[in-house]
Amino acid sequence: MCSFRAPFVIVPQPPFLTVTEVIVSVTVLGSSDGTSATEIAKRIVEYLEGGRVEAAGRSPGRVVELPSPSGGTAAYYADAAGERPGRWALVPDGLAPGSEVDTKVLAAYLAGLDPETGAPLLEARGSSRRAERVRERQPLPPIAQEWLTSTEAALVLRVTPSYVRRAAKKASKARAEEAGELRRRDDGAWELHRSLVEAIDAERKVPRVVAGYDLTFSVPKSVSVLWAGGDEATRTAVLDALDEAVAAGLRYLERHALSVRVHGESVPATGVVAADYLHTTSRALEPQLHHHVVVANLATAPDGSPRALDARQLFRHAKTASYLAGAELRHQLTARLGVTWTEIHNGIAEVEGVPKAAREEMSTRSKEITEALEREGAT
């Protein structure tokens with residue numbers, strides 16, 4: 001599969017799923033280096049569009065000759081992100097499912113902005129908006145008063161009072177000799193000495209920005225070989241079958257994995273925005289059919305309030321979605337082309353009749369990984 005490039009990818013911590021094990025993988029799209037949400041969204045859209053953002057039309061890609069399963073050579077389009085426009089997979093009111101993606105609208109949602117007004121859709125609670133304030137803030141001005149409440153300190157630091165309280169407790173514990181910089185008044189309110197406020201400001205780190213999640217639906221290599229070496233009717237059938245497989249996996253995730261947290265509990269969400277892009281090559285420019293379903297990191301809670309997604313559910317349900325998508329893909333290709341399959345292992349089977357040599361010939365990145373592991377003496 002191809003992947004987004006730094007600095008706007010955050011590799012998820014275990015447990016996470018890789019394409020070698022399942023059909024569906026989940027990648028967190030964001031940054032922890034201070035890149036703004038707007039810039040992250042722009043880069044994501046540019047990647048998905050394959051450089052087709054310009055109004056000059058859709059790039060036809062480059063024609064590449066490769067061995068066909070039946071011998072001889074077959075041509076396919078490398079770098080063909082322009083195989084077709086992106087489509088809306090999940091949309092709020094006002095957008096039609098399956099219609100062509102408006103890149104400006106997608107970029108706005110990924111940046112957490114209203115596409116019509118540009119207003120933030122999420123409150124600034126440790127997310128992209130705070131990251132922008134940290135990056136753009138001026139040096140802290142001198143603080144006249146000796147003691148500040150958490151609310152007063154929050155106004156000075158341009159963060160929330162809860163952030164100040166957490167940072168103050170952490171700072172006072174880390175610097176035990178200066179624990180006297182934090183005190184509680186008779187009325188129960190916290191007060192911070194100005195030196196502690198200044199220390200919090202100096203130690204603040206740019207928070208992680210999460211613009212969205214990339215659900216990558218990939219096919220076994222033999223299916224990509226079948227597509228690349230087939231005639232026009234075969235290629236169309238393979239792409240249509242993959243569309244149905246992606247739809248099946250996404251329906252499951254929509255029912256079970258798209259949620260938000262309310263009072264610490266994960267609850268179903270509505271108003272989720274997702275765009276579906278078909279890509280047909282790997283980074284090695286070899287045939288590798290896969291869909292990027294990019295889900296913006298915002299949704300609507302049952303009470304109507306906008307919230308960030310609870311990503312834990314996406315990771316928990318990805319493997320089940322993989323099995324469902326894989327089963328649907330096999331069913332569709334058998335029904336459309338009459339193909340048969342090898343034994344299923346971890347939800348994946350290969351098309352019978354596609355030589356192993358052909359699969360290996362078009363798996364440069366897998367060979368590079370294997371060779372690197374061998375050099376390190378690892379498996």
Is there a donor-acceptor contact under 3.5 Å from the side chain of [X] to the main chain of [Y]?
X: D276; Y: V293; value: no
X: D310; Y: S266; value: no
X: T38; Y: A111; value: no
X: T280; Y: L289; value: no
X: R307; Y: A299; value: no
X: T342; Y: A349; value: no
X: S305; Y: A301; value: no

Any heavy-atom pair between the side chains of [Y] and [X] that's under 4.5 Å?
X: Q288; Y: S218; value: yes
X: L337; Y: V238; value: yes
X: W88; Y: V105; value: yes
X: W227; Y: T234; value: no
X: L106; Y: L110; value: yes
X: Y323; Y: N346; value: yes
X: L253; Y: V295; value: no
X: Y277; Y: E49; value: yes

Would [X] end up clustered with [Y] when hydrophobic side chains under 4.5 Å apart are linked, directly or stepwise?
X: L182; Y: V156; answer: yes
X: L239; Y: L333; answer: yes
X: Y163; Y: I143; answer: yes
X: V260; Y: F315; answer: no

(message) My understanding is that only residues two or more places apart in sequence, or in another chain, count here; which of them pass side-chain hydrogen bond (donor to acceptor under 3.5 Å, both in side chains) with E352?
(response) T340
Sequence-distant partners of [X], side-chain contact (heavy atoms from CB on, under 4.5 Å), two or more places apart:
X: P220; result: I23, S222, V223, L329, I348, E350
X: E146; result: H193, R194
X: H256; result: Y252, H317

(request) Sort and list the pairs that fulfil salt bridge (Lys or Arg N to Asp or Glu O under 4.0 Å) and have at least one residue in residues 241-257, not counting sequence neighbours. (result)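 Found R84-D243, R87-D243.
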Atom pair [atom1]/[atom2] of [X] and [Y] - distance to nearest 0.5 Å:
X: L121; Y: N297; atom1: CG; atom2: CG; value: 11.5 Å
X: K42; Y: I44; atom1: NZ; atom2: CD1; value: 12.0 Å
X: H291; Y: L215; atom1: NE2; atom2: CG; value: 12.5 Å
X: T27; Y: L314; atom1: OG1; atom2: CG; value: 11.0 Å
X: K221; Y: S224; atom1: NZ; atom2: OG; value: 5.5 Å
X: E328; Y: Q332; atom1: CD; atom2: CD; value: 4.5 Å

(message) Please enumerate all residues that pass salt bridge (Lys or Arg N to Asp or Glu O under 4.0 Å) together with E191, with sequence neighbours excluded.
(response)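 Per chain and number, E191 pairs via salt bridge (Lys or Arg N to Asp or Glu O under 4.0 Å) with R183, R185.
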(request) Identify the residue among Y213, Y47, F217 that makes a ring-ring contact (aromatic ring centres under 6.0 Å, His included) with H292. (result) Y47
(request) Taking all heavy atoms of V272 and all of L258, pick out the closest pair and write down the distance. (result)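 That would be CG1-CD1, 4.0 Å.
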(request) Of all the heavy-atom pairs spanning I40 and A211, show the shortest one and how long it is. (result) CG2-CB, 3.9 Å
(request) May I ask you to check whether over 12 heavy atoms, not counting those of E343, lie within 6.0 Å of atom CD? (result) no
(message) Would you say that more than 12 heavy atoms from the other residues, nucleotides or ligands in this model lie under 6.0 Å from the CG of D187, or not?
(response)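 Yes.
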